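Please read through the structure below; I'll follow up with questions.
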Protein chains: 2
Amino acid sequence: MAAVSRYQRKKHGMGFGNVSERRSAPPQVGVSVVILALGPGDAGNSGASPDAARSQLWMPLVKRVRQPFMGCWALPGGHLRADRSLEQSAFEALESTTALHPRYLEQLYTFGDPDRSHGGLPMVSIVYWALVEQSEATAFEDGDNVRWFPEDDLPRLAFDHRTIIEYALERLRSKIEYSDVATRLLGPTFTLRQLHDVYEAIAGQSIDLANFRRKMLASGDLEDTGMKRREGRQRPAAVYRYVPEESVNPATRAVFERPGFHTSDRTGMAAEHRRNTTHDDALAPLIPSAQR
Amino acid sequence: MAAVSRYQRKKHGMGFGNVSERRSAPPQVGVSVVILALGPGDAGNSGASPDAARSQLWMPLVKRVRQPFMGCWALPGGHLRADRSLEQSAFEALESTTALHPRYLEQLYTFGDPDRSHGGLPMVSIVYWALVEQSEATAFEDGDNVRWFPEDDLPRLAFDHRTIIEYALERLRSKIEYSDVATRLLGPTFTLRQLHDVYEAIAGQSIDLANFRRKMLASGDLEDTGMKRREGRQRPAAVYRYVPEESVNPATRAVFERPGFHTSDRTGMAAEHRRNTTHDDALAPLIPSAQR
DNA sequence: GCAAAAGTGTTTTGGCTACACCCATGG
DNA sequence: CCATGGGTGTAGCCAAAACACTTTTGC
């Protein structure tokens, strides 16, 4: 991290002409997205390593085809269009570069320090993070300019994108503790073991399965679908669906809500993107989800 | 909230000329700040009501002098300058409109839906929130265009600023549970009762004082200054200072840090603003603080 | 001594951890 | 009948809640 920072400063001093001129120009506004999915780990894979190697988070990156940082990998992104909401812009940036359909989309942070630009125009990046389900990620074919990388083996990244990714991962790690984001990395239904593996992948450490299942069931947000599913060759496991707690009292519920951040009427998101959108989580500003 | 939303849409359709033209223009970028301080409650006030009426959060707002929303109150703000960091811009917006010195400053959220503009140019607002200490807030003289309002009695607000304020309050409420933000509403030293009152003011409910003091002391982040202070006419209380937990192991600490968000070298904040800045809280992106 | 706030002790509870254990299924 | 994963039981620990209690001060 420190190395990146030093590199930035060095480059700045390297005599690009008219720096002060560019610095006073109005800032450009871009939208970038950190897209995360569960990699093809052992989960759901019959021929996996017997050692129960933990699944990992993967993310798609795009190769830069121009300066600065030509040849480096970068977060998918695009420009902000004035007639689109920020979420919509993020959605479009995500879709046009990767053709993926996120099951979760949330604003992460806005970066805008002048030294991000590296001799280019001053740049403000509104960054979102997204989760796509495992099946979609594993079906994805890498191309020349878009490729998936595992969380712990990222290539050389453009700008401060390394920092941004770290931040997104941290946000995910903290958010699994009090929301349903983990389920967004799986399909609409899942076994408790699958969910458990997601938590382990995100947390990066082992979690007692027995206690995990009790805690999850005690939360009251999981509903037994009545179906059974077999991962390996053993006893089939019960299949659950995430169902948020009923809000008994609207007044009570209001305390936990963020007005204006997750009701579809105020998102400004176009209808074709809003299809199948759920708003079950008070902590999720906007959640484009697949079928439920 | 719903009413505001409806109003917005109505206004949009009301025949301002060339709406589509304006909508495709590049977005303007502004910076706004939600500034919060403890109001002149009973704490530190000898002639207060005997009923122990809880202190409250207050915030300064500025009156708009032009359309849209002329005459309404709004969050202090300014334009984003390309040669300043976002935090610096927020700091300047805050200082130029209110002349206050925040002890805490953190990015809140970026708002940018097209329907925020109300017929004006498409507008992206990068919103920060700030805490100033009580003494500075009570010393502030209201003017014609800048006035303090209590959290629960806000005037008619411009744009979606009502929503933004609610969100800032929610962030504060959740953040007192795992960081030292509460202390930023007081001076550098304080008694446990003062701190307790801050927590009650923010949470909006009573908190058992005996348990509160134990919990705070057990956290290990409070240091007894050895001094005593008397609020009323009774027994003097011990005065504490906030001292963050020592990071024994740098590797362990790294897990809790957000690289790039709270080391002064990367903030880009000008030196004169960085004076007396502390970086004790891994959760605080940047903390301009008064003397410590 | 009395009121009021500072500060301490004590019991109970509920959630979480660790880990032992039984059950269902395919081979 | 055994290996493997699904699923349950349970004892111990610890943090927080509730509230009774002692201490220090000004008047």
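In what follows, chains carry the letters A, B, and so on, assigned in the order in which the sequence lines appear, proteins first and then strands, with residues in each chain numbered from 1. Everything quoted here is computed from the prediction, not taken from an experiment.
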**Study point:** Gap between atoms CE and C1', on A:Met216 and D:dG6 respectively (whole Å)
**Key:** 17 Å
Review point. In whole Å, what is the span from the NZ atom of B:Lys215 to the P atom of D:dA18?
Key: 12 Å
Review point. OP1, OP2 of C:dG26 versus side-chain N and O of A:Arg230: anything below 4.0 Å?
Key: yes
Study note, to complete from the structure: Rounded to whole Å, CG of B:Asp208 lies from C1' of C:dG9 at a distance of 13 Å
**Study point:** Working for side chain to side chain contact (heavy atoms under 4.5 Å, CB included), residues A:Met216 and A:His196
**Key:** CA-CA 10 Å; A:Met216 280 298 151; A:His196 171 255; over 6 Å; no
Review point. Are the charged groups of A:Glu106 and A:Arg171 less than 4.0 angstrom apart, N to O?
Key: yes
**Study point:** B:Leu209 CG to D:dA18 C1', straight-line distance once rounded to whole Å
**Key:** 14 Å
Revision key, fill the gap. Correct closest heavy-atom pair for B:Thr98 and B:Val146 would be CG2-CG1, 4.4 Å
Check your understanding: What is the nucleic acid contact for B:Arg214, judged by heavy atoms within less than 4.0 Å: base, sugar-phosphate only, or nothing?
Key -> base
Check your understanding: Considering only side-chain heavy atoms of B:Gln234, which listed nucleotide, D:dG6, D:dT4, C:dA4, is closest?
Key -> C:dA4
Review point. Can you check the A:Arg213 CZ to C:dA18 C1' distance for me, whole Å?
Key: 17 Å
**Study point:** Donor-acceptor pair (no angle test) under 3.5 Å: B:Arg235 side chain, C:dA6 base
**Key:** yes
Practice item. Nearest whole angstrom, please: distance from the C1' of D:dT8 to the CZ of A:Phe212. Key: 17 Å
Review point. Starting at CD1 of B:Ile207 and ending at P of D:dA18, how long is that distance when rounded to a whole Å?
Key: 12 Å
Check your understanding: Reckon A:Ala210 touches a base, only the sugar-phosphate, or nothing at all at heavy-atom distances under 4.0 Å?
Key -> base
Review point. Hey, does the side chain of A:Arg233 come within less than 4.0 Å of C:dT25's phosphate (OP1/OP2), counting only N and O?
Key: no
Point to revise | pair B:Val34-B:Leu169: side-chain heavy atoms closer than 4.5 Å | key: no
Review point. From C:dA18, D:dC19, D:dG5, pick the nucleotide closest to the side chain of B:Asn211?
Key: D:dC19
Check your understanding: For the pair made of CG in A:Leu217 and C1' in D:dG7, what is the distance, rounded to whole Å?
Key -> 10 Å
Review point. Do any N or O atoms from the side chain of B:Asp208 and from the backbone of B:Asn211 form a donor-acceptor pair under 3.5 angstrom?
Key: yes
